[in-house]
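Here's the structure, in structure tokens; my notes come after.
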Amino acid sequence: MTRKYFPLFISFMLLLISGLSILGLINQATIKLDTEVPITLREEPGTNQVAIAELEPGTEYQIQKSENNWLLIETQNQQTGWIPNWQLENPMITDDQSLAGQATDNTVLYAEDNVSSIALENIPPDTYFPIQHENNGWAQVEYAGRIGYVQSRFVHILSRDEVPQEELEKQEVIPEEIAEEEELDENTVIMRQANQVFLEQPDYDSEVLYNPDMYEEFQFISATENEQGEFYLVANSNGNRGYIESRVASLANDSINHQNEQKVHSMNDAVIVIDAGHGGTDPGAISQDQSTYEKNVTLSTAIFLQNYLEEMGATVIQTRADDMDVSLADRANLSNQNQADVFVSLHYDAGYDPALSGTTSYYYHQADYDLAQSVNEQLTQGPLNNHGVLFGNFQVLRDNQQPALLLELGYMSNPQDLGYIRSEEYQQNIAQAIANGIRNQIENPTD
Ligand SMILES: [Zn+2]
């Protein structure tokens with residue numbers, strides 16, 4: 001009889017032990033905000049990431065994970081987000097935007113937030129410096145007049161109020177006085193679209209300080225990326241700092257080596273690089289029924305375009321001849337190395353809204369606007385509506401020192417557009433239109 005009850009007793013004990021250990025874990029994984037000020041809860045572990053709530057002092061939360069001195073916590077209404085553990089440990093830090101650091105050891109200032117990037121400087125122990133933001137174990141800092149990154153585990157994070165002002169000033173990056181002359185220096189950022197925003201933080205929800213004018217110039221300070229995209233921290237002509245989206249801005253530096261003059265005036269002399277977008281492991285957009293991949297239709301369109309251009313006498317180079325991976329940098333390099341007279345990148349669009357439809361021509365360097373205009377004029381004669389010529393900050397254009405444009409030739413997410421995109425006839429017609437537009441620009445430039 002006793003043997004019969006023994007397993008029951010064991011099970012009961014096991015239950016009790018596991019119950020206790022679960023209680024222990026819960027106890028261990030709860031945190032009470034012993035702070036004097038609210039703590040900002042962020043979507044990702046970074047002070048430059050999107051703020052989702054302010055957590056009041058004294059409130060308690062469950063910790064789900066701890067990583068790089070950030071805690072992933074869950075609120076009572078099941079909302080999760082990250083708070084900086086280092087802020088909980090230092091009551092002097094009253095907000096996560098005016099931070100300073102003190103090196104705890106010899107540490108390296110890196111060009112980017114990884115240890116394989118270029119080492120810019122060695123920072124001796126005890127040195128103070130301003131921190132612009134701390135993101136998942138890396139602090140973006142100003143040191144010796146330059147911007148770089150240090151590993152946060154070698155940094156004691158402080159409030160700027162705790163550090164002598166002159167110690168911070170020593171390290172600060174001073175945006176150069178914007179020249180009175182219209183001369184652009186390599187650190188000039190130019191706003192390329194109208195109705196944009198100058199933000200207090202790299203976050204669309206932060207305060208809009210004002211709406212910059214198209215072609216307004218800024219001094220570049222640094223670039224930062226988060227899940228909303230890439231932002232440039234810039235100073236305007238009054239010295240005010242703020243963030244603009246890199247998508248709508250260009251760096252004067254990018255156009256320094258750009259070939260602005262059209263060198264040939266006959267298709268027989270022209271070298272044209274055709275870039276079939278995507279390829280290999282990168283399918284690009286995929287139709288909703290999974291049957292059509294952007295990488296395949298860009299390639300077939302590219303081959304039609306090659307035939308038309310060769311018929312017109314041009315020498316054609318393709319960035320890829322079949323379904324293969326080619327990096328964006330290599331695509332632009334191929335154009336640069338061959339001193340292409342035209343680089344044209346072919347794409348088909350996709351959007352969340354199935355109603356989106358039509359074609360668009362993009363350029364990056366101001367000098368390439370006329371080329372984009374000439375090709376786009378031909379696209380307007382196609383069956384799909386046209387969105388005109390737009391500025392686009394695409395790497396294949398940005399890195400291109402040769403006249404370059406990128407074409408979006410219809411929306412794969414739109415059933416009607418997709419019907420056209422799949423048809424050989426549309427691909428041939430659009431390829432012919434592009435070839436005509438390129439020839440018009442080469443043989444009868446508008447300027
Ligand atoms: Zn694409």
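One-based numbering, in listed order, for ligands and for the atoms of each. The structure displayed is predicted, hence computed values, not measured ones.
Residue Tyr369 forms a side-chain hydrogen bond (donor to acceptor under 3.5 Å, both in side chains) with just one option from Gln373, Gln366, His365, and that option is Gln373.
The environment of Glu200 atom CD is dense: over 12 non-hydrogen atoms of other residues, nucleotides or ligands sit within 6.0 angstrom. No more than 12 heavy atoms of other residues, nucleotides or ligands sit less than 6.0 Å from atom CG of Asn195.
A salt bridge between Arg192 and Asp254 is absent, with no side-chain N of the basic residue lying under 4.0 Å from a carboxylate O of the acidic one.
Listing protein N, O or S atoms at distances below 2.8 Å from the Zn ion (ligand 1), with waters left out, gives His278 NE2, Glu294 OE2, His347 ND1.
Ring to ring, Tyr362 and Phe391 are not that close: their centroids are 6.0 angstrom or more apart.
Checked by atom type, the side-chain pair Tyr293/Ser287 shows no donor-acceptor distance below 3.5 Å.
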